[in-house]
There are 2 protein chains.
Amino acid sequence: HDVPVCGAAIVKDEARVGIVGVPDQPGISHRIFSAIAQENIAVDMIAQNVGSGGKASIGFTVTKTELPNTLAVVRPLAVSLGASVEHAEEVSKVSIVGTGMRTHTGVAERMFAALAGAGVNMKMITTGDIKISVLVDKADGVKALRSVHQTFQLDKPRAGAGLP
Amino acid sequence: HDVPVCGAAIVKDEARVGIVGVPDQPGISHRIFSAIAQENIAVDMIAQNVGSGGKASIGFTVTKTELPNTLAVVRPLAVSLGASVEHAEEVSKVSIVGTGMRTHTGVAERMFAALAGAGVNMKMITTGDIKISVLVDKADGVKALRSVHQTFQLDKPRAGAGLP
Ligand SMILES: C[C@@H](O)[C@H](N)C(=O)O
Ligand SMILES: C[C@@H](O)[C@H](N)C(=O)O
C-alpha cells in the first residue's frame, strides 16, 4: 500500500529575503551564498526562476532571528550587483514529505488544491523528489498545515504506520 | 563520519516552462497544475518566487517529450489568467543529495561555487531538506555534473560506502 505523502510539517518563524535583478551569469549565486555562509547563517528554502533581459531574482528563507544579519550581508552586495533587496518577516514554511511522490503524479497539485480550498496564498514554492515546500503568511500557517493534513489523510492511522 | 553530500545525478533531457505574470492569489497554482495533472503529465521541478504588483511567475520542468502536450494545456490557461508562457527545450537538471545537508551549513554554497568555477550558469534553483537541484543548459550538463562530483569528492571511495 503505497501512500505518496506520509507526513506534513510547519516551520512557523521563517523570514524571506529576495534579491531582485541580479545579473544572470555564472558565479553570481556563489557570491551571494558564500557571503551568507561566511556569517554562518543557515539558509533554508532557495528558489530561483529563470530570468529575463539578462537579469534574475533569487528568493530564500532564513530563521526569523537571522534576518537582521542576513540583510546586513546582502544589502551591500546587492548594491554592487545593481540589484535590490526586499524581505518579509512573518512567514511560515509548510511542507509535505513522502517517498511515494516519486511514483505518483499530481501530488503537488493535490497540495495546491488543499491550500486553494483553504484560501491560502502561496508566496514561494520549491520541490525536491520526496518533499514539496510552500511559503505562506504566518497568519495562514496553521490553517495551511491543517488543510494538507486533511487532504492527505495524515491524521488517520495507516497500516504499518506505527503501533496497532 | 558524516558526509553532507553522498550523491549527484543528472537528468539530461528536461524542458522548462515558465508562466509569467499570473495573479498572485489563492487557487491560481491549483488551476495550472490540475490542468496539467489531468493530462497525466508528470511535473518535475517547480519554483516560484514571491511576486510583486499582485503578479507572480511560476517555473517548472517536464521531460522533453512532454513539452508539446504541456504547452497545449498551459497556453490557453495563461491567456485566461492574463499571463504569458515561455519555454526552453534544451535543459538538464543537476542535483546533489545527502541526509547530512540537514546539519551542515554552506552545502548549497559549495555547489554554487563548483558551478561558478566551471563557468556554468544556473537557470533555476530549487531546494529540499536533503536535495538541491539546479537547471542548466543541456550543453553545460555533463560539465556541471563533473564539477559537483569533484567538489564533493563523490568519486573517492568513502569509509562504509560499499565494498572495502
Ligand atoms: C542568477 C544566478 O543564479 C546565476 N544564473 C548564477 O549562476 O549564479
Ligand atoms: C502564484 C500562485 O502560486 C498563487 N500565489 C497561488 O497560491 O496559487
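Numbered from 1 within each chain, the chains take letters A, B, ... in sequence-line order. None of these values were measured; they are calculated from a predicted model.
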Structural part of [X] lying under 4.5 Å from a heavy atom of chain A:
X	value
B:I58	backbone
B:A47	both
B:A42	both

Applying a strict under-4.5 Å side-chain criterion to I, L, V, M, F, W and Y, I'd like to know whether [X] and [Y] cluster together.
X	Y	value
B:V107	A:V43	yes
B:I96	B:V94	yes
B:L154	B:I132	yes
A:I10	A:V136	yes
A:I130	A:V3	no

Backbone of A:T126 reached by a side-chain donor or acceptor of B:T126 within 3.5 Å: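 Judged by distance alone, no pair lies under 3.5 Å.
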Would you find a donor on one side and an acceptor on the other, under 3.5 Å apart, between the side chain of B:N49 and the backbone of A:Q48?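 No: the side chain of B:N49 does not pair with the backbone of A:Q48.
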What residues of residues 60-79 of chain B sit under 4.5 Å from chain A when only non-hydrogen atoms are counted?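 Not one residue of residues 60-79 of chain B has a heavy atom under 4.5 Å from chain A.
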With a strict 4.5 Å heavy-atom criterion, list every residue of residues 21-36 of chain B that contacts chain A, or say none.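 From residues 21-36 of chain B, the residues near chain A are B:D24, B:Q25, B:P26, B:G27, B:S29, B:H30, B:F33, B:S34.
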Taking atom CD1 of A:I125 and atom CE of B:M45, what is their separation to the nearest 0.5 Å?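 Atom-to-atom, A:I125:CD1 and B:M45:CE are 13.0 Å apart.
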Show the nearest heavy-atom pair for residues B:I46 and A:T127, with the distance to one decimal.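 Distance-wise, the nearest heavy atoms are N-OG1, 2.9 Å.
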Any side-chain heavy-atom pair from B:D129 and A:V97 closer than 4.5 angstrom?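 They are not in contact (no side-chain heavy atoms under 4.5 Å apart), so the answer is no.
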Sub-4.5 Å side-chain heavy-atom contact between B:V50 and A:E86: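 Yes. Closest side-chain heavy atoms under 4.5 Å.
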Using a 6.0 Å cut-off, check whether atom NZ of A:K12 has over 12 heavy atoms from anything other than its own residue.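 Open.
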Who among B:M124, B:R110, B:M111 has the most heavy-atom pairs with chain A under 4.5 Å?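 It is B:M124.
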Between B:A113, B:G106, B:G59, which shows the greatest number of heavy-atom pairs under 4.5 Å with chain A?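 The candidate making the most pairs under 4.5 Å is B:A113.
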